[in-house]
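Hydrogens, waters and symmetry mates play no part in the numbers below; they use all other heavy atoms, side chains included. Order of the sequence lines sets the chain letters (A, B, ...), proteins ahead of strands, with each chain counted from 1.
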There are 2 protein chains.
Amino acid sequence: MATSRDVARVAGVSQSTVSYVMSGRRSISPETRKRVLDAIEQLTYQPNAGARALASQRTQVVGLVVPFGPAADTAGLLPFIETIASCARAEDHDVLLVTADEGAAGLIRLAGRALCDAIVLMGIGADDARIPVAATLSVPVILIGVPDDSAGLHCVDVDFALAGALAVDELAGLGHDRVVLIGHPAEVIERDINFVRRFQRGAAAAAERHGIGYSVVAPVPPDTAGAREAVERALEGGGLPGIVVPNSQAVGPVLHALVERGLVPGRDISLIGLCTDAAAEATTPAVTNVSLEPRDVSRRAMEILFRLLDRDGDDPAQLVELIPPRLTRRDTTLPAP
Amino acid sequence: MATSRDVARVAGVSQSTVSYVMSGRRSISPETRKRVLDAIEQLTYQPNAGARALASQRTQVVGLVVPFGPAADTAGLLPFIETIASCARAEDHDVLLVTADEGAAGLIRLAGRALCDAIVLMGIGADDARIPVAATLSVPVILIGVPDDSAGLHCVDVDFALAGALAVDELAGLGHDRVVLIGHPAEVIERDINFVRRFQRGAAAAAERHGIGYSVVAPVPPDTAGAREAVERALEGGGLPGIVVPNSQAVGPVLHALVERGLVPGRDISLIGLCTDAAAEATTPAVTNVSLEPRDVSRRAMEILFRLLDRDGDDPAQLVELIPPRLTRRDTTLPAP
DNA sequence: CTGTTAGCGCCTTCAG
DNA sequence: CTGAAGGCGCTAACAG
């Protein structure tokens, strides 16, 4: 495997000149520059990442801590990972994947061994033991998700309170005089992910504003039986509530359970899901949804992270950035009155 | 950040002794050993990954090339990634994630810059341009998936031919006199992933063995309309065929479309899906399935990879390893006659 | 504009 | 059983 010294020899220059040609950190005459580039091509030279990291103190790697394991959001994770990887590559960085089961130790390892220049931390709990550790690391950290106390770390997330409000506003506008949240799965509630509360708070506040009823059915196992029972309980209050399902997994089963009872969403009753647009379009019928956009959130997170890495760019002023979701009317809400 | 020299100074030994204590590559007296370990703890020393890689020529990193992008298997990927990450950690390695859109250049980068010691390559096409490149790299490569020509590289995959046979055997045993494959989505066929053909070949051969009819409906968009039309065409042949859906995404919609037509799977007709057990249990009703086990495949792939990395272990004899799937009877196949 | 030089932090042979 | 020393390949002062 060729080294920069080999390149230097072939090009008839000093090794440091090769380095400078590659980094562009000082001006090089067109001729030598060309000789070096030719030699690089001829030898198919590529710089050794370890050596470069050692000398420059920068790895060009972003550590990504993903919430795999039992409580993983079994599918919703991929768009995050994909977007983060592609944003990283766009800035000439790679992504080192670490699973959350290492806990805070994983963070310490990433930073302590200089495996990466920056860390993206996902699956944030309301009271996450990793946050205080993350705050002391020698590398910038961005959280995807918002803990109760972010300890001075930057966070990005969907504005779940707004999401709740959007859903309830829509249902109130359609004439429903009460709304029911067919809630999050047990595991999410147990892990005390903050967005559950944020969503519910936003929804409840909106309901109050509109002077309509508000209740929650949770937890809901995302299967047929769980959905049936949840629907049962949702309908108990009498009348025809507007239903909100803030749980991708449960949207399908809930739709099903309604149809089973002879209630056709979009004709007899309204249902709004909290899920990506792609997921919303895949159900039958397509569900009116408030969209989470993992790609937008990830992109913004990476923007902030790279701003943090550039010493000359100012730190983003806001510590917590909430990406506004949007509501898209599809086939499961009543026609406008 | 503490270095091994700091540790050496605190412990009152030479720097190389620190190194030997950590690697265990030569015997150290219990006392010095303890002094060193204490110093390490006191300084919370962690070795610098770049320096170690530079000196030892080993990065302790596995490169993972995933088929993100338009044609990604939108959810089925996660279990692979998760298992690969956890197997890597079990061998004290990390995972560097690279997306397939870099193509062969990504492989060259991974190996050429010494970013990793080994590569796992996923999303293998029947005639994949990356294979010949991968075969020339300076690091071991394992393919998850089987190309037409593996160029001497090791591969692991599900035994799709056996999967097809299992499904058809079961349907024949239940008395169906013809089977219909409601096939793979267009994108998979276009990319010419090998397993489509392998599955169909296995299924067709089994049908012939049993002397029953065999036909394929494809491509099938994994949505309601696509499923409806596919079911329509599947039923055209007359009688009640046994249906096989070798496409996780399509199982739900196809079930739906059948029910819409008044055909209850498990009572009026048989349907077998090709999907993970988890996915099979999540449908309504739970679908009899031939299971793909991404975790088993990934685990085996990592076993082989680490065998390839240990110079003393012999290379696995077989270049291509096919993991046998298994059929689990659930609620969408007719009771045994 | 270019070359020389001193490390970056660790591994590993060689001496003792 | 331990130390000293050279080098892994590159970056970034420091000299011209």
Which whole-number value in Å describes the distance from [X] [atom1] to [N] [atom2]?
X       : N      : atom1 : atom2 : answer
A:Met22 : D:dA12 : CE    : P     : 13 Å
B:Gln46 : C:dC10 : CD    : C1'   : 15 Å
B:Arg5  : C:dC11 : CZ    : P     : 15 Å
A:Asn48 : D:dC10 : CG    : P     : 6 Å
B:Leu54 : C:dG7  : CG    : P     : 17 Å
A:Gln60 : D:dC10 : CD    : P     : 14 Å
A:Asp6  : D:dG9  : CG    : P     : 9 Å
A:Arg58 : D:dA12 : CZ    : P     : 8 Å

[X] vs [N]: side-chain N/O to OP1/OP2 distance below 4.0 Å:
X       : N      : answer
B:Ser56 : C:dC10 : no
B:Arg25 : C:dT12 : yes
A:Arg52 : D:dT11 : yes
A:Ser4  : D:dG9  : no
B:Ser19 : C:dC11 : yes

message: Do A:Ser16 and A:Ser19 pair up side chain to side chain, a donor and an acceptor below 3.5 Å, judged on atom types alone?
response: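 Short answer, no.
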- prompt: How about B:Thr32 and B:Ser29: does a side-chain donor come under 3.5 Å of a side-chain acceptor?
  reply: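 Present: a donor and an acceptor within the cut-off.
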task: Is it possible for you to check whether B:Arg26 lies under 6.0 Å from the centre of the six-membered ring of B:Tyr20, through NZ or CZ, and within 45° of that ring's axis?
output: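 Judged by the rule, B:Arg26 and B:Tyr20 form a cation-pi pair.
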A:Arg33 atom CZ, neighbour heavy-atom count above 12 within 6.0 Å: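 For A:Arg33, atom CZ is not crowded (no more than 12 foreign heavy atoms under 6.0 Å).
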What nitrogen or oxygen pairs link the protein and nucleotides 2-5 of chain C at under 3.5 Å?
{"residue": "C:dT2", "atom": "OP1", "partner": "A:Ser29", "partner atom": "OG", "Å": "2.7"}
{"residue": "C:dT2", "atom": "OP1", "partner": "A:Thr32", "partner atom": "OG1", "Å": "2.9"}
{"residue": "C:dT2", "atom": "OP2", "partner": "A:Ser29", "partner atom": "N", "Å": "2.6"}
{"residue": "C:dT2", "atom": "OP2", "partner": "A:Thr32", "partner atom": "OG1", "Å": "3.0"}
{"residue": "C:dT2", "atom": "O4", "partner": "A:Arg26", "partner atom": "NH1", "Å": "2.9"}
{"residue": "C:dG3", "atom": "OP2", "partner": "A:Ser14", "partner atom": "N", "Å": "3.1"}
{"residue": "C:dG3", "atom": "OP2", "partner": "A:Thr17", "partner atom": "OG1", "Å": "2.7"}
{"residue": "C:dG3", "atom": "N7", "partner": "A:Arg26", "partner atom": "NH2", "Å": "2.9"}
{"residue": "C:dG3", "atom": "O6", "partner": "A:Arg26", "partner atom": "NH1", "Å": "2.7"}
{"residue": "C:dG3", "atom": "O6", "partner": "A:Arg26", "partner atom": "NH2", "Å": "3.1"}
{"residue": "C:dT4", "atom": "O4", "partner": "A:Ser16", "partner atom": "OG", "Å": "3.1"}

message: I'd like to know whether A:His154 forms a side chain to side chain contact (heavy atoms under 4.5 Å, CB included) with A:Glu321, so could you lay out the CA-CA distance, the side-chain angles of the two residues, the decisive distance to 0.1 Å, and finally the verdict.
response: CA-CA 8 Å; A:His154 288 262; A:Glu321 286 209 27; over 6 Å; no
field: salt bridge (charged side-chain N to carboxylate O under 4.0 Å, His left out) assessment of B:Arg35 paired with B:Asp38
entry: CA-CA 5 Å; B:Arg35 288 221 310 288; B:Asp38 287 350; over 6 Å; no
message: Check this for me, if you would: do B:Arg109 and A:Asp94 make a salt bridge, where the nitrogen-to-carboxylate-oxygen distance has to be below 4.0 angstrom?
response: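 So B:Arg109 pairs with A:Asp94 through a salt bridge.
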